[in-house]
Amino acid sequence: MAALTGAWPVARLTVRLRRGLHTARKLHHQRCVRVRFAPSPTGMLHLGGLRTALYNYLFAKSNPGGKFLLRIEDTDQTRLVPRATEKLEEMLSWAGISPDEGPSQGGNYGPYKQSERIELYQESIKVLIQNESAYHCFCTPRRLELVRKEAGRRGETPRYDNRCRQWSSSEVKEKLARNTPYVIRLKLEDVAEPWDDLLKGRTSHNLADAEGDPVLIKSDRYPTYHFANVVDDHHMGITHVLRGDEWQTSTPKHLLLYKSFGWDPPRYAHLPLILNKDGTKLSKRGDDIQVEHFKD
Ligand code: GLU
């Protein structure tokens, strides 16, 4: 088995999280803690995922009335692995991490599989179109490819040029009436709004520096990770998001979504990653680090 490096001692994380919780409690008016583990069923559960689930579980259990939810983020239909959800549930239960709410347990905030919540996303996106935080993009894959190549040629970061922001509502209506294929994008703001990460402290990234407007609804009408994740965290009453470092650059997008909806965001804590000995990330497809290997 590959040796592991990069983890923070649990005691240090716990102290930081406690301190964060103290502030969070004040902000959330004594609302009970609700946290979630939100894996995509695209492979087997690895040690990093298990640790994220464990920290969320412990955080919920160390707070009176705290709840730990399992939510399956299965909106990327092209990457689904058969039986991955059942396996995930099996591994969590083997590790003694039992969700209070989830696909098998049920609960008042379900369904707990995103593929069963598509109507909610379709209703929610209408709000952002209406308040002009999001827009229809009719660019063809070919055009997007050309824009990327062109930027590369100029030595710039390849990214979408936000061209479809320009269409008036009558132009959009006309294109929709002609059944022109589209995606829906979020209008990024050109500012780096900081947030207070419960582990890292004051953090910020200016997204508009590095990327074009991100897609919220794909051409197959399914939401992207960012959109479904925020809509669900809000509707499931999530108070704290404890997740791996790799999601930290997504947080400004998520905060912008909260702002666009006019919702209060949860508190965020980004956990340092567990890495392989050679510094590479654990993979759901790697053989030696899957939780299943520890079971037998
Ligand atoms: N679906 C994401 C994952 O596979 C969830 C990330 C998050 O916790 O927001 O890890």
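Nothing fancy with the numbering, it's 1 onward along the sequence. Scope of the values below: all heavy atoms of this structure, side chains included, with no hydrogens, waters or symmetry mates. For ligands, and for the atoms within them, numbers begin at 1 and follow the listed sequence.
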Could you tell me which atoms of ligand 1, counted from 1 in the order shown, lie closer than 4.0 angstrom to a heavy atom of N229?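 The list of qualifying atoms is 7 (C), 9 (O).
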Anything under 3.5 Å between a donor and an acceptor, one on a side chain of residues 145-157, the other on a protein residue two or more places apart or in another chain? List them.
residue, atom, partner, partner atom, Å
E145, OE1, R148, NH1, 3.2
E150, OE1, R153, NH1, 3.0
R154, NE, E156, OE2, 3.3
R154, NH2, E156, OE1, 3.2

Can you label the angle between the H136 ring and the Y182 ring as parallel, tilted or perpendicular, going by 30° and 60°?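 It falls in the perpendicular class, over 60°.
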Suppose I only count heavy atoms of E73 and a 4.0 Å limit; which atoms of ligand 1 are within that range?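 Result: 1 (N), 2 (C), 5 (C).
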Looking only at atom types and distance, does a side-chain atom of T224 sit under 3.5 Å from a main-chain N or O of V215, one as donor and one as acceptor?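 Judged by distance alone, yes, a pair lies under 3.5 Å.
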Just jot down the ligand 1 atoms closer than 4.0 angstrom to any heavy atom of R243, in number order.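 Once the distances to R243 are compared, the set is 7 (C), 8 (O), 9 (O).
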Parallel, tilted or perpendicular: which fits the ring planes of Y225 and W247, with parallel below 30° and perpendicular above 60°?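 Y225 vs W247 ring planes: tilted.
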Any N/O of V241 closer than 3.5 Å to an N/O of ligand 1?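 There is no such contact.
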Taking the inter-plane angle between the rings of H205 and W195 on a 0 to 90° scale, is it parallel (under 30°), tilted (30 to 60°) or perpendicular (over 60°)?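 H205 vs W195 ring planes: tilted.
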Could you see which bit of W247 sits under 4.0 Å from ligand 1, with heavy atoms only: side chain, backbone, both or neither?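 Near ligand 1, W247 shows its side chain, while the N, CA, C and O stay back.
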